[in-house]
Amino acid sequence: MEKICVAVRVRPPAPELSQENGSSLWKVEDNRISLHKSLDTPITTASYAFDHVFDESSTNASVYELLTKDIIHAAVEGFNGTAFAYGQTSSGKTFTMTGSETDPGIIRRSVRDVFERIHMISDREFLIRVSYMEIYNEEINDLLAVENQRLQIHEHLERGVFVAGLKEEIVGDAEQILKLIDSGEVNRHFGETNMNVHSSRSHTIFRMVIESRGKDNSSSDAIRVSVLNLVDLAGSERIAKTGAGGVRLQEGKYINKSLMILGNVINKLSDSAKLRAHIPYRDSKLTRILQPALGGNAKTCIICTIAPEEHHIEESKGTLQFASRAKRITNCAQVNEILTDAALLKRQKLEIEELRMKLQGSHAEVLEQEILKLSNQMLKYELECERLKTQLEEGRRKQKEQENCIKEQQMKIENLNNLVTNSDFKMNQSEDFIISRKTPDGLCNINDISDVTGTPCFKSASRSFVVARSNNYSGLSDFSPMVHSLGDVADEDTWMKLNKGFVADLDQIQFTPAVKCQPTPLSIATTACPRENYIEVEDLKSQIELLTNDKDSLQVKFNEQVLLSNKLMQEMSELKQETLTMKEIPNRLSESVANCKDVYKDVIGTMKSLIADKESPTANLLLGTTEITTSLLSTLETQFSMIMDGQKTGSSIDHPFYDQWETLRVSLKNTTTSLLSDAQAKDEFLNCHNKGKETAALEEKKLKSELSIIKERYNKLEKELCLDKQLLEASRESHEKLLIEVQFLKEERDSLDRKISQSTQRLRVIASDKENALKDLNVEVKRRKDMEEEIKHISIAFATRHKSFVSFHSEIKSKMQKLTTQNSKAP
Ligand code: ADP
Ligand code: MG
């Protein structure tokens, strides 16, 4: 925003008046002008300050230098510029704008300066067009083409306000313009008034349109177009003073009206922005044309001219007030750049190329490639997850197997335990039997035994059971004397009661060889020894036999136990082996997780390098994914390390099976002890076996605790795997979205390509049309120039003829007068 530059110029007093009044009433000091009384007393109320005040002695050169030069230079740079002279008739407006032979005015100086300036600017090329018009009686006439009368004002979005049909002459140098101005001056309306012999009866606007562009013809350099208006207004006048009548009066009315509207516009513009209402630019053609210069996009200067004579004081005061208001107006000038079709075409081409580069070029392909890469990596990651899952499944399966194995072993151990208990019973039974046999009062009465069903009689019960179950019942009956007597109690319920609920695998139980109870040979007893001795011997014999049998059966049982124990040991070692394998699983899983982590790091690194915009949704998604996956992998690692640490420290967990194991151990020990009492040779072996059992029990316990820890870890892992799967799902979804986006981009690119080719074709057609039009225009311009030359010649010839005609006419007139005088003198 800048203020309008306002200056006041006082013309020298008219020669005839200056002789009358010795000194001027207007005193000029620096940029201040004040009115003084005749006796040099200043009138305080009439003192004005402006940007410049030029006194009577000032020249057009100084006015141009101080006031308008900057605006002209700015016009060459691309700013709109306006300079106009305002003042009463005969105050020196035309003198300031047009000047004289010796002191050219602002218009001529501007024209010369523009070209000088252009020559100084080497990097740009210029095109100057000029037009010259007058507003006479509120009608616009073309001063460069007399046939262009009553032109209309139009408004265009890009060109702004313009006069339609106004001739614009393209000019190459200052002289050409000056000649045009001269020819235009001929067409201007002048008139003689009381105040000015050669009074301007119209406002004239000399307009230069300065176009320029960079010589390097770079597409980015737009064309600058500036308009320079140099205006010589018609002077306001008092009808009484001018003594106008008829045509002059009519002219004066129009002049005054348009100047009044100019004053109104200035008044409104000088009001503060808040008070500004509608600016009446449209009320007159002058204000309409000068609209950009008044509060618009232009650098403007106003030269207000005043006449120093005393009888013009009122008009001068009015002029100074007008100037004061104009000083308050602010304009907003800026360089006017427009894009030519060619420049536009080039610029668009560049943009198209850029777009093509973006879409067709490496970018889309790279993106596609990267997406492909990412898909592959994602697949890899998925496979890795799948592998981990399989490993986990395998681990779980093995764990189940181990559990089953342990169950089986438990069952076997229980069986063993029962068998051991059974052995105990047999041992007791043997003892009871011996005791009962040794009772002093009793004979070996088999029927007595049947009475002890209420109290445990293991031997008979056992036998009854065995017999009842045995397939060889009929065969064995011959050897066992107790079978018949125990037939009633040989049922399973009794056996169950006796064995405290234990159900043995009957197929594995072998029948103890029955003692052969042969009838006592009575003949021997009566002949060889007394009856008592005989009975005793017999008794002892049978006892020995029974013992032998028992011993044999125990031997069999023992053998069975040894076999079972061996089998157990073998299974234990297998279990150990499996446990070792199980221990390796976390290790392997840990390695897999580490691998996964490495792969994942690579993937994330690549993805990060691909994303240019760190704030984009993809970057955020990636960041989120990275965080989640890193935490997941870290958790997995921690879990595995915990599992491994747990293995190393061998953390023990209380187990419910411990007691059972302990019982088994004690039971085994007891059995062994009882066996040792019967057979010393087996003592050592049984001891060893017992120890083996203890160790096995401990190891089993350890294994159990470790297994439970592993089970816990697996559960956790399973949960994490679930999370992992969800994450994978999310990644897959985003990947699918990306693919859709790529597809969409491709489609968009294709449609854009089509549009681009269409617009390129259209632009080509327009460019060729424009070239043709330009050629036509040049032809037309040349034709017009030729015609103008012809008209000029004709005009000159006409003027010469007119002169000669006038002189001839005056000659004839004088001759006629002479003749008339002679005739009148003649009698
Ligand atoms: P306007 O255009 O304002 O009606 P003109 O420019 O025609 O007035 O001036 C009227 C007369 O005064 C002209 O004869 C002109 O030569 C003369 N004149 C005006 N200003 C000056 C000046 N500064 N120095 C010398 N003569 C001047
Ligand atoms: Mg004039």
Side-chain angles (χ1 to χ4, degrees), residues 7-21 24 26 28 33 52-68 83-109 132-137 141 143 181-182 184-206 230-239 241-244 248 251-252 254-256 258-259 262 286 302-309 311-320 322-323:
V8 169
R9 186 179 194 191
V10 187
R11 72 150 163 77
E16 63 273 11
L17 293 167
S18 63
Q19 283 167 1
E20 288 170 16
N21 298 325
S24 172
W26 294 97
V28 176
I33 183 166
H52 301 280
V53 178
F54 301 97
D55 62 10
E56 296 149 7
S57 61
S58 65
T59 56
N60 284 335
S62 62
V63 173
Y64 179 77
E65 198 64 33
L66 291 167
L67 193 66
T68 42
F84 65 88
Y86 177 93
Q88 71 170 116
T89 305
S90 79
S91 57
K93 299 183 293 292
T94 307
F95 184 84
T96 306
M97 295 310 291
T98 310
S100 62
E101 286 283 313
T102 51
D103 188 12
I106 283 163
I107 295 175
R108 287 170 190 274
R109 286 177 191 275
Y132 200 16
M133 69 186 120
E134 69 167 0
I135 303 171
Y136 176 68
N137 289 352
N141 299 324
L143 291 177
I181 291 170
D182 285 343
E185 283 295 316
V186 176
N187 300 322
R188 195 179 168 183
H189 282 85
F190 287 102
E192 190 179 330
T193 62
N194 288 348
M195 292 168 72
N196 194 347
V197 190
H198 196 73
S199 176
S200 321
R201 307 311 290 166
S202 63
H203 312 296
T204 59
I205 301 165
F206 172 73
L230 302 172
V231 187
D232 178 16
L233 295 177
S236 59
E237 56 189 41
R238 284 190 178 175
I239 310 300
K241 272 190 182 176
T242 52
R248 295 284 165 268
E251 287 171 350
Y254 276 116
I255 293 165
N256 284 351
S258 64
L259 288 173
L262 176 67
L286 176 72
I302 303 175
I303 309 140
C304 294
T305 53
I306 55 169
E309 289 83 17
H311 60 275
H312 291 316
I313 280 181
E314 285 311 308
E315 285 86 352
S316 300
K317 277 185 183 173
T319 303
L320 290 171
F322 173 91

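In each ligand, atom 1 is the first atom listed, and ligand 1 is the first ligand listed.
For Thr98, there are no side chain to side chain donor-acceptor pair (under 3.5 Å) partners two or more places apart in sequence or in a different chain.
For atom 1 (P) of ligand 1, the nearest non-hydrogen atom from the set Ser90, Ala307, Gly87, Pro12 belongs to Ser90. Compare Ala234, Ala85, Gly235, Gly92 by their heavy atoms: the one nearest to atom 5 (P) of ligand 1 is in Gly92.
Within the model, atoms NE2 of His312 and CD1 of Ile306 stand 11.0 Å from one another, a figure rounded to the nearest 0.5 Å. In this structure, Asp103 CG and Phe95 CZ are separated by 5.0 Å, a value rounded to the nearest 0.5 Å. Distance check: Cys304 SG to Gln88 CD gives 12.0 Å after rounding to the nearest 0.5 Å. With values rounded to the nearest 0.5 angstrom, Lys317 atom NZ is found 7.0 Å from Trp26 atom CH2.
At least one heavy atom of Gln88 lies less than 4.0 angstrom from ligand 1. The shortest heavy-atom distance from Glu56 to ligand 1 is not under 4.0 Å. Residue contact annotation: Thr305 has no non-hydrogen atom under 4.0 Å from ligand 1.
Comment: Arg11 engages Glu309 in a salt bridge, judged by a side-chain N to carboxylate O separation of less than 4.0 angstrom.
Numbered from 1 in the order shown, with element, the atoms of ligand 1 that lie under 4.0 Å from a heavy atom of Thr89 read 4 (O). Using a 4.0 Å cut-off to heavy atoms of Arg9, the atoms of ligand 1 that qualify are 23 (N).
Under the 3.5 Å distance criterion, the side-chain polar atoms of His203 are left unmatched by any main-chain donor or acceptor of Leu286.
Using a cut-off of 2.8 Å, one finds that Thr94 contributes an N/O/S atom close to the Mg ion (ligand 2).
Annotation: Thr94 places an N or O atom under 3.5 Å from an N or O atom of ligand 1; distance criterion only.
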